[in-house]
Amino acid sequence: MLLNNIKEVREQIKEWKSSGLKIGLVPTMGALHAGHLSLMKKARETCDRVVVSVFVNPIQFGPSEDFDKYPRTLEADTKLCEREGVDIVFAPSADEMYGKGQRLSNDTLTYVCPPFFYVNKLCGKTRTGHFDGVCTVVLKLFNIIQPDFAFFGQKDAQQVVIVRKMVNDLNVPLQIVQCPIVREESGLALSSRNKYLSEEGKKEALVLSRILNNINLCFKKGITDVSALKETAYSFLTEKHDMEYLELVDKNTLEEKQQADADTIVLIACRVEGVRLIDNIYLGE
Ligand code: PAF
């Protein structure tokens with residue numbers, strides 16, 4: 001069932017809750033791919049009813065980012081959701097989510113701002129305000145759907161840590177479930193932004209998973225010095241790769257590591273053909 005209206009969703013949720021049904025939410029921005037489908041499958045296994053939200057959230061995009069050209073494929077997304085047994089596809093307009101005519105600025109709108117320590121690094125360093133926009137919309141979705149479980153992909157690992165922190169700090173009564181990264185056979189992590197890449201670009205984009213796998217291999221061989229592990233990336237890079245960051249941090253707190261250990265996650269962001277791609281790996285995996 002495709003719903004665009006908060007009131008209608010709430011009515012349906014109320015009915016399910018009164019029958020004691022467990023509700024799972026998969027928040028998305030649409031352009032669904034196998035990574036999203038894996039979240040829906042997990043939600044289906046865990047919950048009695050599954051809601052997928054499809055909303056390209058304007059307030060998590062910076063002024064020079066790809067909000068306007070972000071792929072919007074609602075018809076295909078709805079069909080995929082139906083095939084996965086999703087009960088509600090919630091696809092609101094920006095007016096429905098934020099109020100008609102609402103100026104989307106933090107002068108006029110209540111924002112949820114996650115702590116500086118979590119956002120002044122990795123993607124947050126260049127995407128100023130991004131995680132404020134993410135947390136704001138995610139908390140709104142949690143308030144509208146009131147799910148028992150919410151499902152997020154590991155590919156956006158910083159996002160999951162920050163959303164967990166918000167849920168914990170603000171006592172939001174639900175459980176966050178993180179699902180593993182889904183990859184093409186080549187190793188490329190699935191992303192809605194892969195649609196922007198040419199065939200050649202997709203090959204060049206393999207540099208991200210190759211760098212991560214190699215660091216993991218070096219770690220398994222006993223190298224733990226973070227500078228030494230980072231150095232190993234350079235032999236993979238060419239002028240086709242514009243690396244934004246490569247960091248080794250604690251998987252729960254995002255604290256920078258000097259020595260890698262079993263609690264370390266390696267995260268990378270790199271532009272290929274101007275497309276910003278991210279990927280990560282847990283060391284020892
Ligand atoms: O990961 C995403 O697609 C988005 O950041 C999310 C969680 C749906 C919020 O807009």
Side-chain angles (χ1 to χ4, degrees), residues 4 6 9 24-40 42-43 50-62 65-74 76-78 80-81 86 88-98 104 109 111-114 118-119 122-124 126-145 147 149-167 170 172 174-182 189-196 267 269 275-280:
N4 311 107
I6 296 172
V9 175
L25 169 66
V26 181
T28 81
M29 297 205 298
L32 302 179
H33 51 66
H36 297 110
L37 300 190
S38 76
L39 302 180
M40 293 176 204
K42 186 71 183 164
V50 177
V51 179
V52 172
S53 61
V54 176
F55 180 59
V56 186
N57 174 32
I59 68 167
Q60 69 185 73
F61 289 80
E65 292 184 354
D66 57 344
F67 174 68
D68 288 329
K69 76 165 194 180
Y70 197 85
R72 287 160 173 85
T73 56
L74 184 59
D77 292 345
T78 310
L80 282 175
C81 289
V86 167
I88 292 179
V89 177
F90 175 49
S93 64
D95 281 351
E96 181 67 12
M97 278 304 270
Y98 292 112
L104 299 179
L109 187 71
Y111 270 67
V112 180
C113 300
Y118 289 77
V119 298
L122 306 168
C123 292
T126 48
R127 303 193 71 189
T128 312
H130 169 70
F131 289 111
D132 298 0
V134 168
C135 283
T136 303
V137 81
V138 167
L139 188 61
K140 281 167 76 68
L141 290 167
F142 289 169
N143 285 333
I144 294 165
I145 316 286
F149 296 86
F151 299 82
F152 291 84
Q154 182 199 318
K155 194 172 78 64
D156 296 302
Q158 185 179 14
Q159 169 170 281
V160 186
V161 170
I162 288 173
V163 168
R164 269 195 214 282
K165 173 84 179 137
M166 172 185 78
V167 161
L170 302 183
V172 188
L174 57 80
Q175 211 173 304
I176 301 294
V177 181
Q178 178 177 286
C179 302
I181 298 176
V182 179
L190 296 191
S191 161
S192 304
R193 290 192 169 97
N194 291 351
K195 287 199 164 92
Y196 302 147
L267 304 102
V275 182
R276 189 176 178 281
L277 302 169
I278 58 172
D279 199 349
N280 63 73

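In listed order, ligands and their atoms are each counted from 1.
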- Query: Is any NZ, NE, NH1 or NH2 atom of the basic residue among Glu65 and Arg127 found under 4.0 Å from an Asp or Glu carboxylate oxygen of the other?
  - Reply: yes
Within a distance under 4.0 Å of any heavy atom of [X], pick out the atoms of ligand 1 and give their elements.
{"X": "Gln159", "result": "1 (O), 2 (C), 4 (C), 5 (O), 7 (C)"}
{"X": "Val137", "result": "9 (C), 10 (O)"}
{"X": "Pro27", "result": "8 (C)"}

Taking side chain as C-beta onward, heavy atoms only, is Ile278 less than 4.5 Å from Leu267?
no
Among non-hydrogen protein atoms, atom 4 (C) of ligand 1 lies closest to Gln60 NE2, 3.7 Å
of all protein heavy atoms, closest to atom 3 (O) of ligand 1 is Met29 CG, 3.6 Å
**Asked** Tyr98 and Asn57: side-chain donor and acceptor closer than 3.5 Å?
**Response** yes
Worksheet item: Counting only heavy atoms not in Lys155, do more than 12 sit closer than 6.0 Å to its NZ atom?
Response: yes
Under 4.0 Å between heavy atoms, the region of Thr28 that gets near ligand 1 turns out to be backbone
*Quiz item: cation-pi between Lys69 and Tyr196, 6.0 Å / 45°*: yes
